[in-house]
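Just the heavy atoms: all of them, side chains too, but no hydrogens, waters or symmetry mates, feed the values below. For this chain, numbers begin at 1 and follow the sequence in order.
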Amino acid sequence: MPLRLTVMPTLSLYFHPKPLLRRKTHRTAVAITRLLSLSAATCQPRLLSLRPLSSLSSAAVELESSSISSISQNPKSIDPRYLSCSLPEKKPLRVAVLLSGGVDSSVALRLLHAAGHICTAFYLKIWFQEDFENYWSECPWEEDLKYAKAVCDQVDVPLEVVHLTDEYWNNVVSYIIDEYRYGRTPNPDVLCNTRIKFGAFVDAISGMKFDFIASGHYAKVVHPDSGNKDEPSTLELSKDMVKDQTYFLSHLSQSQLKGLIFPLGCIQKEEVRRLAKLFELPNQDRKDSQGICFLGKIKFSEFVARHIGEEEGVILEAETGDFLGKHRGFWFYTIGQRQGLRLPGGPWYVVEKDVKNNVVFVSRNYFSVDKRRRIFRVGSLRWFNGSPPRQISQLQCKVRHGPGFYNCDVAIEFDGNGHEIAVVKLSEDDQGLAAGQFAAFYQESTCIGSGVILESWDDQGFPVCARALEIAKMEDKSKLGKPVKIKVIAQSRDEESDQNESLKLNLTSVNCETAASNKEMPSQRVTRSTSPLKWLQQLVDKLHRCSRSI
């Protein structure tokens, strides 16, 4: 048989089906020409090493090589268990893959490609603030797109750029601004997933008829068998509990969940890094991104100041009503915040805010045992099954992103407008409950839904004294005169021990990426040369800053 007839059928097994071959690249043509020019003796061993990507073996799944011209290299193999969240048992699917240029989404793309699916990658270009042109030149979106393209070029996957500028502004950014204006603390990541990545983007590609949409989230979606399509899909915890992102996905609807695949839900983060090296990804050593995506390197305080403005207000001590200083606007502060107060004699913490009178209440006793909170209300509820679970006395709850859970009891009530409200009682006290954040609910490993945290019960909030409340209502606060001189409070050993213990407990509920902590200025680094109590306080503050930057 002539060599040409031997080569071509084998190539049809190695390359993906026709949709990927519609892009006739110069690289592909050169590779085929080189193969056809080889002698039979040289070509035969190389052809024997090629296997179809769409056929899965119990031993290994052959991965595509980083480029067709490197076909002479030894084939690489991957453990099939890494494909268990990529639906390898289904026939080849048409999958739209959200690609950010980072390692996680890149590995997700390659796993789906290795599983035999027909992939198209999409890079979402979202809103940016034109008024910050001097800062925007530092934003890494161009570098992100460059890496995304390089990853796609390795396996001939087409890459499309989708502009969702207006949608991001209307559905995420404007909402964030309004929430801060009302004194609440919104979560951009939850809103971005619900309204943009799996909302506006789905609408934008609705005419392209994809079977699923995939991303690099650390979560697991379990779909019903083909014979039980009416059964709901479920959102499960990922294998990596530290990186698990079900909290950020907990407000999706059932219809959104049914159309999703998360290939990384069955893989630990360190394994993802190893796969990136195995795939020889161009971004294999790239650090994970931090911060809110649309801001780039703009300081969030500058962004808030531009859109909400500044209005001078006063800072009062919650227990005494003493006038301690001034601030630029209550919207720059969140409950539990310590940094940025610039008050001597601390540490001081923001414990309450008077939105109407633009007053910030602070205290040095934020971690006091009798002032912790464990009861709060949750509104804007969304359940994946469409209704609350029957068993609501043995649930778990997350009030922020991270590996920590609380056991909780949930009671369903209705407000004056007939809206469903969940009254949540945690098994332990939490120091950082903030209105506007999300509370996600779980039954064992399954996320069953979430809602927005409302103000906590009055008798569970931080007690502000009557004098402080009266001073806050003063129209002419210039009569307060100069701020009082603050004296350092000496702590007894018992008080120090109690505070030390509460700080340790709080550490378990805060999650922060190591990369973010590496960005701290030298003057902010925590050193062990300080006392144990002060060291813990510094560490908690550092983790709080990091968690707010994620």
Side-chain angles (χ1 to χ4, degrees), residues 176-186 300-301 304-377 379 415-416 429-437 452-489 541 544 548:
I176 292 172
I177 294 171
D178 288 340
E179 287 292 279
Y180 272 98
R181 185 179 285 118
Y182 293 129
R184 295 186 287 268
T185 307
F300 189 72
S301 60
V304 173
R306 178 65 61 91
H307 287 281
I308 303 181
E310 297 184 11
E311 181 181 347
E312 187 177 86
V314 298
I315 301 175
L316 302 178
E317 185 174 18
E319 293 90 344
T320 65
D322 286 345
F323 170 44
L324 304 181
K326 297 181 179 180
H327 61 79
R328 298 187 297 156
F330 69 83
W331 44 87
F332 290 100
Y333 302 91
T334 188
I335 302 299
Q337 178 178 338
R338 174 186 173 187
Q339 295 298 316
L341 293 175
R342 299 179 180 178
L343 297 175
W348 292 91
Y349 298 87
V350 175
V351 293
E352 293 292 343
K353 295 184 291 184
D354 184 334
V355 174
K356 182 178 179 180
N357 298 296
N358 191 27
V359 174
V360 173
F361 299 102
V362 299
S363 172
R364 288 180 283 192
N365 301 313
Y366 183 67
F367 293 99
S368 182
V369 174
D370 61 339
K371 297 180 180 65
R372 298 176 184 174
R373 291 178 290 179
R374 68 168 66 186
I375 298 177
F376 58 96
R377 295 176 295 164
D415 62 14
D429 298 305
D430 185 89
Q431 298 283 5
L433 294 175
Q437 290 285 306
V452 180
I453 297 176
L454 307 175
E455 291 76 8
S456 61
W457 290 92
D458 293 340
D459 60 351
Q460 297 294 324
F462 196 96
V464 178
C465 74
R467 179 172 181 263
L469 295 175
E470 286 299 319
I471 294 176
K473 297 176 183 178
M474 290 177 54
E475 292 186 7
D476 185 5
K477 294 185 175 61
S478 63
K479 296 179 180 179
L480 294 175
K482 295 182 179 180
V484 300
K485 293 183 179 180
I486 304 171
K487 296 181 179 180
V488 177
I489 300 176
D541 294 335
H544 275 307
R548 285 197 297 271

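- Put simply, the side chain of Glu317 never gets that close to the backbone of Val362: no donor and acceptor are under 3.5 Å apart.
- To the nearest 0.5 Å, atom CD1 of residue Ile335 and atom CG of residue Leu433 are 10.5 Å apart.
- Closest approach of Ala468 and Ala318 over heavy atoms only: CB-O, 4.0 Å.
- Taking Tyr333 as the reference, His327 meet the ring-ring contact (aromatic ring centres under 6.0 Å, His included) condition, with sequence neighbours excluded.
- Taking the side chain as every heavy atom from C-beta outward, Asp415 and Arg377 never approach each other to under 4.5 Å.
- For the pair Leu316 and Phe323, the minimum side-chain heavy-atom distance is below 4.5 Å.
- For the atom pair CZ (Phe376) and CD1 (Ile453), the distance works out to 5.0 Å, reported to the nearest 0.5 Å.
- The CH2 atom of Trp331 lies 5.0 Å from the CG atom of Asn358; values are rounded to the nearest 0.5 Å.
- Closest non-hydrogen pair, Ser363 versus Glu319, comes out as OG-OE2, 2.5 Å.
- One distance of note links CH2 of Trp348 with CG of Leu341; it measures 9.5 Å at 0.5 Å rounding.
- Taking CG of Asn357 as the reference point, atom CD1 of Ile471 lies at 12.0 Å (rounded to 0.5 Å).
- Distance alone, capped at 3.5 Å, is enough to place a donor-acceptor pair between the Lys477 side chain and the Ala472 backbone.
- Between Val355 and Phe330, the closest side-chain pair of non-hydrogen atoms falls below 4.5 Å.
- With sequence neighbours excluded, the residues forming a side-chain hydrogen bond (donor to acceptor under 3.5 Å, both in side chains) with Glu310 are Arg328, listed by chain and number.
- Using a 4.0 Å cut-off between charged nitrogen and carboxylate oxygen, Arg184 and Asp178 do not count as a salt-bridge pair.
- The side-chain contact (heavy atoms from CB on, under 4.5 Å) test with Val359 singles out one residue from Val464, Asp354, Ile315, and that residue is Asp354.
- Here the straight-line distance linking atom CG of Leu469 with atom CZ of Phe361 works out to 5.5 Å at 0.5 Å rounding.
- In plain terms, the two heavy atoms of Gly321 and Cys465 that are nearest each other are N-SG, 3.8 Å.
- In this structure the side chain of Val350 never reaches within 4.5 angstrom of the side chain of Thr334, judged on heavy atoms.
- In this structure, the side chain of Asp322 does not engage the main chain of Val484 through any donor-acceptor pair within 3.5 Å.
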